[in-house]
Amino acid sequence: MKLWGGRFTKGTDKVVEDFHSSISFDRRLYRQDIKGSIAHARMLGKQGIITPDEAAAITAGLEAILADIEAGKTGFETGAEDIHMNIEKLLTERIGDIGRKLHTARSRNDQIALDIRMYLKEEIKETSALLVSLEETLLNISELHTGTVMPGYTHLQRAQPVTFGHHLMAYFEMFKRDIERLADCHKRADLMPLGSGALAGTTFELDRSAVADELGFSGITGNSLDSVGDRDFAIEFCAAASIIMMHLSRFCEEIILWSSAEFQFIELDDAYSTGSSIMPQKKNPDVAELIRGKTGRVYGDLIALLIVMKSLPLAYNKDMQEDKEALFDAIDTVKGCLQVFIPMIETLRVCKDNMAKAAQGGFINATEVADYLARKGVPFRKAHEIVGKLVLGCIKMGKSLNELKIEEYKQASPVIEKDIYDAIDIVKCIQSRSLPGGPAPSAVADAVNRGKLWLSQLKTVL
Ligand code: ARG
């Protein structure tokens with residue numbers, strides 16, 4: 001008979017039983033479920049709701065079940081529906097009728113809310129740790145490339161020169177915000193829902209705060225209906241994970257472009273690229289492409305959760321059982337991607353010369369000529385027009401701005417002197433963009449130092 005079978009006169013149809021069962025995926029919550037049950041049983045004992053002996057028997061039984069599961073000695077049953085009832089069934093088989101007291105003053109509705117919160121908190125920490133390691137990698141590479149000149153792009157057209165270190169530090173900032181978003185998400189997941197019962201609390205005198213303390217929560221949830229009826233913490237995680245994936249995906253897109261013959265800015269290590277089964281010459285950036293592809297999956301998980309929740313009346317509805325696969329998939333995917341992305345960028349080779357060469361082309365110092373004129377009193381809009389015409393002339397003659405003769409410059413504007421060549425030198429252009437947050441080697445070195453400081457202070461918090 002089902003644990004809830006008293007009201008029923010016949011068994012569940014087999015098709016329904018399989019359809020209904022969540023054990024195939026919620027089994028991964030076994031540890032949280034057991035730890036939560038142990039804390040609940042201890043509290044029931046302390047509050048005199050069950051006897052101290054009963055609490056001890058339940059606790060010992062649950063600990064033994066946990067050890068058995070971890071040793072691979074215990075299986076689960078589809079017929080027992082979900083992880084909660086599987087564990088309770090195993091407990092009763094092991095310790096007899098006392099096991100049936102565990103569910104006093106508790107519902108699977110507050111139990112699953114607890115399990116997911118506990119699980120998510122651990123996974124947030126693991127995901128953050130991976131992001132921290134990515135940030136360390138970015139700092140290390142950026143430090144080596146504070147002076148590595150490359151073209152900066154807008155519209156994927158060469159725009160103004162930057163440094164590779166500066167480009168990487170842009171991603172450092174993005175992942176920094178991702179870490180902060182996860183910490184924020186953790187804060188809201190960190191409240192303990194047991195005591196909410198099925199929806200309306202319980203008549204027993206539970207000590208909710210004691211359970212929260214024992215399970216390492218910072219506090220308890222504030223409303224029983226909300227505690228069992230919302231999954232916004234899971235949605236928040238999926239949203240944060242989607243943004244992480246969006247950042248990774250853009251980075252991957254650049255890695256794919258940069259490793260093409262058209263760019264040749266980087267070369268991926270052989271261990272992080274793959275070949276073609278037909279074209280012997282190919283070395284493909286599959287890892288980066290796959291991460292870009294998996295981004296769609298995580299967005300899908302977020303949308304799935306948002307849609308599952310959008311029309312549910314308070315409080316718990318069985319639709320909510322659909323939360324877990326999407327959440328687990330988002331967690332697995334974002335962690336899996338980070339695990340492979342970090343060593344991929346750690347091992348890539350930077351082709352400095354090709355980057356520098358690309359930065360010489362595309363009239364990337366045209367803004368500098370305009371700035372030069374503006375400094376000499378020419379209104380910027382007018383200067384812009386003069387330089388536009390100069391560039392047009394250069395294109396016709398097949399020359400770069402550096403190759404124009406001084407007479408040609410003077411023809412364009414009499415205020416131009418010989419020092420123009422110095423002013424438009426690419427390396428100088430970058431060096432003078434030294435405002436905080438800029439691409440100059442000195443500014444990038446500062447950014448790296450600020451990044452290191454932030455990371456060292458963060459570690460004490462995590
Ligand atoms: N397996 C269920 C879930 O994941 C647990 C809660 C079930 N509650 C219920 N009243 N059927 O959502």
Side-chain angles (χ1 to χ4, degrees), residues 1-8 11-13 15-37 39-40 62 65 69 75-92 100 102-123 189 192-202 211 215 221 223-235 237-238 301 304-332:
M1 191 172 85
K2 301 280 180 220
L3 292 180
W4 39 254
R7 183 230 180 279
F8 287 75
T12 319
D13 185 278
V15 177
V16 173
E17 194 164 277
D18 290 345
F19 182 68
H20 188 216
S21 174
S22 56
I23 189 64
S24 64
F25 51 86
D26 66 14
R27 58 191 305 148
R28 76 156 90 180
L29 298 172
Y30 73 87
R31 204 159 37 82
Q32 291 74 19
D33 198 74
I34 292 176
K35 298 251 180 230
S37 288
H40 180 66
L62 287 169
I65 292 168
I69 296 172
F76 298 119
E77 280 173 38
T78 311
E81 202 176 312
D82 56 24
I83 186 64
H84 323 299
M85 292 202 288
N86 264 278
I87 304 277
E88 195 179 318
K89 190 162 175 287
L90 288 169
L91 180 68
T92 308
R100 298 185 206 277
L102 170 63
H103 213 50
T104 313
R106 192 177 67 170
S107 157
R108 281 184 293 153
N109 296 355
D110 54 358
Q111 198 177 349
I112 186 62
L114 175 78
D115 293 2
I116 305 177
R117 282 172 183 268
M118 287 172 68
Y119 180 79
L120 186 57
K121 279 170 60 188
E122 289 171 28
E123 294 296 336
M192 205 292 299
L194 281 192
S196 304
L199 73 161
T202 169
V211 176
L215 294 174
T221 54
N223 176 290
S224 64
L225 292 169
D226 172 52
S227 307
V228 296
D230 204 1
R231 293 290 182 266
D232 56 356
F233 51 91
I235 295 176
F237 176 84
C238 288
D301 295 328
L305 279 188
L306 284 168
I307 296 176
V308 164
M309 296 305 297
K310 76 178 266 291
S311 310
L312 300 185
L314 298 190
Y316 178 84
N317 300 266
K318 190 70 175 218
D319 316 44
M320 290 162 71
Q321 181 165 289
E322 289 291 307
D323 60 358
K324 279 168 278 302
E325 283 161 295
L327 177 64
F328 295 163
D329 186 68
I331 291 170
D332 294 346

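When a ligand or atom number is given, it counts from 1 through the structure's own listing order. On a predicted model such as this, the values are computed, not experimentally measured, just so you know.
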Got the closest protein heavy atom to [atom], with its distance?
{"atom": "atom 9 (C) of ligand 1", "value": "N109 OD1, 3.5 Å"}
{"atom": "atom 7 (C) of ligand 1", "value": "Y316 OH, 3.5 Å"}
{"atom": "atom 11 (N) of ligand 1", "value": "R108 NH2, 3.5 Å"}

Query raised in the report: What class does the angle between the rings of F76 and Y30 fall in, given that below 30° is parallel, 30 to 60° is tilted and above 60° is perpendicular?
Result: tilted

Report task. Quick one: look at H84 and ligand 1, take heavy-atom pairs under 4.0 Å, and tell me if it's side chain, backbone, both or neither. Result -> side chain

Query raised in the report: Quick one: does ligand 1 sit under 4.0 Å from the side chain of K324, the backbone, both or neither, non-hydrogen atoms only?
Result: side chain

**Report entry** Atom indices of ligand 1 within 4.0 angstrom of S22 heavy atoms, with elements
**Finding:** 1 (N)

Report task. State the atoms of ligand 1, each with its element, that fall below the 4.0 Å cut-off from a heavy-atom position in D82. Result -> 1 (N), 2 (C), 5 (C)

Query raised in the report: Out of S227, S107, S224, which residue meets the side-chain hydrogen bond (donor to acceptor under 3.5 Å, both in side chains) rule with S196?
Result: S227

**Report entry** Heteroatom proximity flag, Q321 to ligand 1, N/O under 3.5 Å
**Finding:** yes

Query raised in the report: When only distance counts, is E81 in polar contact with ligand 1, meaning an N/O pair under 3.5 Å?
Result: no

Report task. Could you pull out the closest heavy-atom pair between A189 and R117, with the gap in Å? Result -> O-NH1, 3.4 Å

Query raised in the report: CG of L194 to CG of D115: how many Å apart, nearest 0.5 Å?
Result: 8.5 Å

Query raised in the report: Among K89, R108, R28, whose salt bridge (charged side-chain N to carboxylate O under 4.0 Å, His left out) with D82 holds?
Result: R108

Query - Steps toward side chain to side chain contact (heavy atoms under 4.5 Å, CB included) verdict (K324, L29) - result: CA-CA 10 Å; K324 279 168 278 302; L29 298 172; 3.9 Å; yes

Query raised in the report: Side chains of S37 and Q111: closer than 4.5 Å at any heavy-atom pair?
Result: yes

